[in-house]
Amino acid sequence: MKALLLLILTVWLNSQSGDCSLSSSCSYPPSQWCSSLEAAVECGALKHCLQSNFTRSRQPGDPVEVGLYYESLCPGCRLFLTEMLFPTWLLLNEIMSVNLVPYGNAQETSQKGKYVYQCQHGEQECLGNMIETCLMNMTKMAFPIIFCMESSTDVIKSAQTCTQVYSPELKWDSVMSCVKGDIGNKLMHQNAQQTQALNPPHEYVPWVTINGVHTEDLQNKAMASLFSLVCSTYKGPKIAACGGNQKNYKTYCHNE
Ligand SMILES: *[C@@H]1O[C@H](CO)[C@@H](O)[C@H](O)[C@H]1NC(C)=O
Ligand SMILES: *[C@@H]1O[C@H](CO)[C@@H](O)[C@H](O)[C@H]1NC(C)=O
């Protein structure tokens, strides 16, 4: 309750400040600033939209949105993604959505109209982040592929094989042309902006948000049992996996 009040206050404060001021390149009317990620970014209203989207428009039956801000080679990120987030999603995907933002503690600079990235764990990590970002833009099977990569010994080397397994129709060449091209560069910039819009700003990765909100308490609960956290956060009818189950599993075949 306290967190909710705090959040409402934060949103109100933000809406009072010049957060939504029109930037010169904004081509959307204010009513449409939050209609897409691109509009929000272009109009400098990302922070405002991410928060207002989650507070004003959430319905009781909406899936719980779990945001993961991470980087592809950080050991703690890999552990959380592969042993907590992915298994939880397999069980709870009907009441949960996942927003993966591979960027983490990377740094962005702009050179000759292109963004240039430096990653905490070196160039390989930037490559891993970019492959995962492109996959999310190209296939619905991105999460299983990313899980496959992150649980392999070599995150980068496994990428092509993992893609072939889960999304055989997706050509590796087309993934790599996204990775090396303008689309990848633009998508990574969106990751940078989403990460920079975090409120409070991230202090470490993996950094978890629940319905767009990060608190120390939510982070600790997510680390301890994301499953319990998602089940208890979801306000719609209890699903079987969360224990809201009428079915009788106690049917045995007796040894006569
Ligand atoms: C806000 O929510 C709408 C509808 O759910 C979605 O299409 C849009 O992308 C969201 N905007 C942002 C900035 O997250
Ligand atoms: C992929 O990225 C492009 C360029 O930003 C965007 O227009 C498109 O909507 C994205 N597609 C998906 C499925 O995310």
Side-chain angles (χ1 to χ4, degrees), residues 23-29 31-50 52-54 57 62-72 81 85-86 89 93-94 96-104 106-117 119 125-150 155-156 159-160 162-198 209 211-212:
S23 84
S24 55
S25 64
C26 176
S27 56
Y28 299 85
S31 62
Q32 282 173 26
W33 286 357
C34 298
S35 65
S36 71
L37 189 62
E38 279 175 9
V41 168
E42 189 182 311
C43 300
L46 185 61
K47 213 171 190 171
H48 161 78
C49 293
L50 289 176
S52 64
N53 246 15
F54 284 121
S57 61
D62 284 351
V64 177
E65 201 245 30
V66 179
L68 179 66
Y69 296 78
Y70 73 107
E71 47 197 34
S72 62
L81 191 149
L85 182 60
F86 188 72
W89 176 76
N93 60 72
E94 50 182 312
M96 151 181 189
S97 68
V98 173
N99 178 28
L100 295 177
V101 187
Y103 182 77
Q107 305 283 331
E108 183 187 72
T109 50
S110 171
Q111 281 172 21
K112 298 178 200 134
K114 262 195 110 178
Y115 297 103
V116 180
Y117 297 98
C119 297
E125 178 163 81
C126 284
L127 179 58
N129 290 349
M130 189 65 96
I131 293 172
E132 294 178 1
T133 298
C134 283
L135 286 168
M136 285 190 269
N137 187 254
M138 300 176 86
T139 167
K140 290 196 160 59
M141 294 303 280
F143 195 20
I145 299 171
I146 291 169
F147 163 76
C148 172
M149 289 169 62
E150 295 292 346
V155 175
I156 311 296
Q160 184 172 0
C162 290
T163 303
Q164 272 161 4
V165 169
Y166 289 100
S167 189
E169 72 292 345
L170 182 60
K171 297 271 177 299
W172 185 246
D173 285 350
S174 65
V175 177
M176 285 319 282
S177 61
C178 168
V179 165
K180 294 184 183 132
D182 290 343
I183 295 182
N185 200 251
K186 186 177 152 196
L187 293 170
M188 188 55 68
H189 178 58
Q190 291 182 358
N191 291 352
Q193 290 197 296
Q194 269 198 71
T195 305
Q196 282 151 13
L198 282 168
T209 60
N211 292 333

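Only a predicted model underlies this, so the values are computations on that prediction, with no experimental measurement involved. Counting starts at 1 for both ligands and their atoms, in listed order.
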Practice problem: First locate atom OG of Ser72, then atom CG of Leu100, and finally report the distance between them rounded to the nearest 0.5 Å. | Solution: 12.0 Å
Exercise. Consider ligand 2: state whether an atom of it lies below 4.0 angstrom from any non-hydrogen atom of Met138.
Key: no
Practice problem: Answer yes or no: is there a donor N or O on one side and an acceptor on the other, between the side chain of Thr195 and the main chain of Asn191, under 3.5 Å? | Solution: yes
Quiz item: Of the protein's non-hydrogen atoms, which lies at the shortest distance from atom 4 (C) of ligand 2, and what is that distance?
Solution: Lys186 NZ, 3.9 Å
Exercise. Assess the side chains of Glu169 and Ser167: does a donor N or O sit below 3.5 Å from an acceptor N or O?
Key: yes
Quiz item: Looking at atom 5 (O) of ligand 2, what's its closest protein heavy atom, distance included?
Solution: Glu38 OE2, 3.4 Å
Practice problem: Kindly state if atom 11 (N) of ligand 2 has a protein heavy atom within a strict 4.0 Å cut-off, that is, under 4.0 Å? | Solution: yes
Quiz item: Against heavy atoms of Leu187, which atoms of ligand 2 measure under 4.0 Å?
Solution: 2 (O), 5 (O)
Exercise. Would you tell me which option among Thr139, Asp182, Asn137 has the nearest heavy-atom contact to atom 3 (C) of ligand 2?
Key: Asn137
Practice problem: Please report the C-alpha distance between Val155 and Glu132 in whole Å, then the side-chain angles of each, then the deciding distance to 0.1 Å, and finally whether the side chain to side chain contact (heavy atoms under 4.5 Å, CB included) criterion is met. | Solution: CA-CA 10 Å; Val155 175; Glu132 294 178 1; 4.2 Å; yes
Quiz item: Mind checking whether Phe143 and Phe86 have parallel, tilted or perpendicular rings, split at 30° and 60°?
Solution: perpendicular
